[in-house]
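Comments concern the structure below.
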Amino acid sequence: MIEGRIEKVAGPLVVASGMEEARMYDVVFVSEQRLIGEIIELKQGKASIQVYEETGGLGPGAPVYCAGEPLSVELGPGLLTSIYDGIQRPLDRVRELAGDWITRGINIPGLDHEKKWDLTPSIEQGAEARGGDELGQVQETELITHRVLVPPGLEGRLVKVAGRGAYTIDEVIAVLEDGAGNRHELRMFHRWPVRNPRPIREKLAPDRPLMTGQRVIDAFFPVGKGGTACVPGPFGSGKTVIQHQLAKWADAEIVVYVGCGERGNEMTDVLQEFPELEDPKSGKPLILRTVLVANTSNMPVAAREASVYTGITIAEYFRDMGYSVALMADSTSRWAEAMREMSGRLEEMPGEEGYPAYLGTRIAEFYERAGKVRCLGRENREGNLSVVGAVSPAGGDLSDPVVQATLRVVKVFWSLQAELAYARHFPAISWLQSYSLYTDNVREYLDEEVGKDWIPMRDRAMALLQEEANLQEIARLVGAESLSPRDQLTLYTARSLREDFLHQNAFHPDDTYTSFAKQKAMMRVIMQTHDEMTRGIDQGAAPRDLFELPFRDEVARMKYLPENRIGDLEELLERISGAISGAVESLETV
Amino acid sequence: MIREYTTTVEIAGPLMLIDRVKGVTYEELAEIELPSGEIRHGKVLEVNGDMALIQLFEGSRGTDIVASRVRFLGKGVELGVSEELLGRVLDGQGRPRRPFDNGPPIIPKKMVNINGAPMNPYARDYPSEFIQTGFSSIDGINTLVRGQKLPVFSGSGLPHSVVAAQIARQARVLGEGESFAVVFAAMGITFEEADYFVSDFRRTGAMDRAVVFMNLADDPAIERIATPRMALTAAEYLAYEKDMHILVILTDMTNYCDALREISAARKEVPGRRGYPGYLYTDLSTVYERAGRVKGRNGSITQIPILTMPEDDKTHPIPDLTGYITEGQLILSRELHKRGIYPPMDVMESLSRLKDKGIGEGKTRADHSDLFNQLMAAYSAGKNARELAVILGVAALSEMDRLYLEFAEEYEKRYISQGQNEDRSISETLDLGWELLKILPRSEMKRIRAENLDRYWPIPSAEERKD
């Protein structure tokens, strides 16, 4: 084992000498306390190490041991329902061992090595197998069947396969003999370096929307399954609530939530809420499909840098099993800041605002790990991994380097606006500035599943909202009453779209999640009202008389209608039609 | 064995570089003895081979290269804690601070490293117990809960000290006789401000259950970096080992950040925005995140950091990064202050993120959430009406707009505004909200559920109407 000596300590950066044979990004243990670190620079036998724990009390001369492998995570049954820190130490076990505060030098494996799992083998002895082939299945939680796969990179004949039974993840469940005659013992878990993307067979274009139950997202700015999105916004604009909502309601089979440099209480909120919330489809607790990675802002900064990689590697692993996976990273700005801090300590030449020049490359590499893919393995599975990153720009200014580097790679931009948040319009996603480049990809699916009338209706609604922005300028100058009746109607309908459709209350039990069917029904009510009123106005009705018809309150309460009563909206629509025609007829009789 | 070095090679600003040292560790505490016999303290910022870089808490004035003797003490910066801390006024390094405190040194029960360790997110308990501050603008609108960190964003010349002292005096949890204490850390504030707090605490008897750490404007600036950590270490001891509920007030965080910038500049680090170091966010979070509650422990730490926004600019790095870490913010408005409204709370821009779990049935009252929404909507409509009135004149407003305008005026005058010794109970606050809403027609109460509306604003019966 390579053993070096500490030369220099400056914050989370330690420089050690005698490291001639060490490799870049290898894990090292620093001092007798065995603090975990990673080599990030090698120079003339000296290694610069970012240490994932506090470095107070370290000094020159202390030993540094090289682990001989890059920073890796354990992948196998037991990941779901776990909460990890940035380097996959399970925080519940850490608490058992160290108490309520995280002390140093705790070294716990990511998975439980004692627990027995019931394995149902799905391959026979003597069969040829290669990386990605399914060896067997384990019911990991009530919701998720864990597929135990041959680790990527191996190929050969299975000379031994264990029978059906209960095994710990350390027990050998198969032996694979490769072409060179080497025997590889396979277990239910394997290790994978977090900075290396897991291999796939091929990438495919996302063609289905990730259904989130959030109306502004699903209707106007959908993200494809396997796509990427970002949510930049100033503090208080509701980034975290949106991320939580997606983690709760997105129709992914697995959710990985990375709390990167954010508030401790937010992670507690997730931890306390998810076991109680039910998945809308299965009715089972959401936590059964969730993996949490929590490296809160006060935890060591270097581990924060690693946390997004830990999260995405776990997400890729489930994708390889053929699942639809969604990863939420809150917030990628904190990850970028961790990079900036390490870069500064390495005395690298800074790029924009002190961020390292490779910021853009790192961000692009990270988001590129998302995608809809054909997985390795004979089963020809398709899996997808969607990534949604929150960005916290300084002062809410979108010219921030992290926002700009992110916008260059992601396909969906949900722009959060402080003005909307102040007006208590949530989610504060601006309908004028946001965009989605997946609208064409998912068109076919939507035409089929939601109906051919959905996209034209949605596009008309968006056009009205755009027109409203122009009209408001004029209305402010001359007063809304001076506008033409048609324009007044545009303002009326746009307001209804904003307040009754786009505005959504994340904390209301019936409003927090809206199915596509209900979204469509709601928008139909608004848009058909618009059409009927247009007809009425063309026949000479005064806009004000129509606007004051007594169904306004009912339209406002549409969002609170439970999912099983969508049919009521049909009735509402009939009553609205009746009321409008009534108003127009009374006009004629006069 | 403690070695003594006279091998100082460089002194620049608050930094001192010592050569040919052995066995020195990062973050170790150092003592520097000047030729005059005076002892200064410092902390190791970096060790590189046999060179150690020390940050001097009391500044470098009077130190010299040849004769200064440096000793490394083999431990980090520590605070001696015990229950005797209560009632004491200490300086930025935890020693009795004269002339405010002429008592003997504190005999510690144990020594604790002031950096603390990060709380395991898994061990946290979600804050959900309502704290009554006696301010309607906080209790009714931006409710504070136990374990929350809720900063006050202020500006120069605004009465944040008065507000903070009043919160410290009045804060309590309903219906419980649990022990409560205040830990107050002053960083770079003036003698007058500090004296205001101490005499206010003494006058109201709050001093017996307070610990004050004081680093005044003319005290060494670098000491400020340790001051909030001293205070939080004391708070953690009292909260988690002595089961007390602690309110920590830190003022003024802007001075703390400036001290951090001074060190960073002296070390010639690459500056981030406005010259503040790139790790300002991380550094602030190690202060703010020490608020909270722990599962299975009785005590709690609630933080109210106060900062003055340079030029009242909320996008300045200090308020900006603070807002990203804390659970909301209370913003003081210069406009309201000029109109004589105390506390000048800008309720629209203020926000308490943890409010929702701290209010409602069993915590405050069942109608609280609805009432909050309705008051906010009505005040917002009233402010819009006020803007319109400025452009078009009051006469051009519709009947309804005029009512909203009246509501906004009354709301500011009677709900937000209150006396410096006025301690409103939560039910007084809520009842006042209902009373003000009655300026408006009942049909405008769209955000209030029918059951609450009927209970607190019943439709008068025919007979009553006749009266």
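Within every chain, numbering begins at 1; the chains are lettered A, B, ... in the order of the sequence lines, protein sequences first and strands thereafter.
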Decide whether a cation-pi geometry holds between [X] and [Y]; the criteria are a distance under 6.0 Å from NZ or CZ to the six-membered ring centre and an angle within 45° of the ring axis.
X        : Y        : value
B:Arg3   : B:Phe72  : no
B:Arg261 : B:Tyr276 : yes
B:Lys314 : B:Phe153 : no
A:Arg89  : A:Tyr52  : no

Given heavy-atom pairs under 4.5 angstrom as the criterion, report whether the side chain, backbone, both or neither of [X] touches chain A.
X        : value
B:Ser350 : backbone
B:Arg353 : side chain
B:Leu351 : side chain
B:Lys149 : side chain
B:Asp125 : both
B:Arg273 : side chain
B:Lys357 : side chain
B:Tyr279 : both
B:Pro319 : backbone
B:Arg293 : neither
B:Val77  : neither
B:Tyr288 : neither
B:Ser380 : neither
B:Met376 : side chain

With a 4.5 angstrom heavy-atom cut-off, is it the side chain or the backbone of [X] that approaches chain B, or both, or neither?
X        : result
A:Ser392 : both
A:Leu91  : both
A:Arg5   : neither
A:Gln272 : side chain
A:Arg304 : side chain
A:Phe507 : side chain
A:Arg95  : both
A:Glu347 : neither

Chain B interface, residue from [options] that has the most non-hydrogen pairs under 4.5 Å:
options                                : value
A:Arg263, A:Glu341, A:Met267           : A:Arg263
A:Arg104, A:Glu266, A:Arg334, A:Met299 : A:Arg334
A:Ser17, A:Pro300, A:Pro60             : A:Pro60
A:Leu271, A:Asp269, A:Leu292, A:Asn295 : A:Asp269
A:Ile83, A:Asp553, A:Val301, A:Thr55   : A:Thr55

Strictly below 4.0 Å, N to O, side chains only: are [X] and [Y] in salt-bridge contact?
X        : Y        : answer
B:Glu28  : B:Lys43  : no
B:Asp370 : B:Arg449 : yes
A:Asp330 : A:Lys239 : no
A:Arg93  : A:Glu96  : yes
A:Arg552 : A:Asp500 : yes

State which residues pass salt bridge (charged side-chain N to carboxylate O under 4.0 Å, His left out) with [X]; sequence neighbours excluded, sorted by chain then number.
X        : answer
A:Glu352 : none
B:Glu269 : B:Arg267
A:Asp510 : none

May I ask you to name which of [options] has the most heavy-atom pairs under 4.5 Å with chain A?
options                      : result
B:Ala377, B:Pro277, B:Ser285 : B:Ser285
B:Glu46, B:Glu27, B:Met348   : B:Glu46
B:Ile391, B:Asp356, B:Thr326 : B:Thr326
B:Thr282, B:Val270, B:Val21  : B:Thr282
B:Asn48, B:Asn120, B:Leu53   : B:Asn120
B:Gly23, B:Pro127, B:Gly76   : B:Pro127

Exercise: do [X] and [Y] side chains pair donor with acceptor under 3.5 Å:
X        : Y        : answer
B:Glu327 : A:Asn265 : yes
A:Glu262 : A:Ser297 : no
B:Thr315 : B:Asp320 : no

Do [X] and [Y] have side-chain heavy atoms sitting under 4.5 Å apart?
X        : Y        : result
A:Tyr355 : A:Ser343 : no
A:Val291 : A:Tyr257 : no
B:Tyr126 : A:Glu273 : no
B:Tyr122 : A:Thr268 : no

Original post:
What parts of residues 8-16 of chain A touch chain B if we use heavy atoms and a cut-off under 4.5 Å?
Top reply: A:Lys8, A:Val9, A:Ala10, A:Gly11
Original post:
Is the distance between the ring centroids of A:His503 and A:Phe426 less than 6.0 Å?
Top reply: no
Subject >> Exam field: side chain A:Ser82 to backbone A:Tyr84, donor-acceptor pair closer than 3.5 Å >> reply: no
Original post:
In terms of the angle between their ring planes, are A:Tyr560 and A:His508 parallel, tilted or perpendicular, with boundaries placed at 30° and 60°?
Top reply: tilted
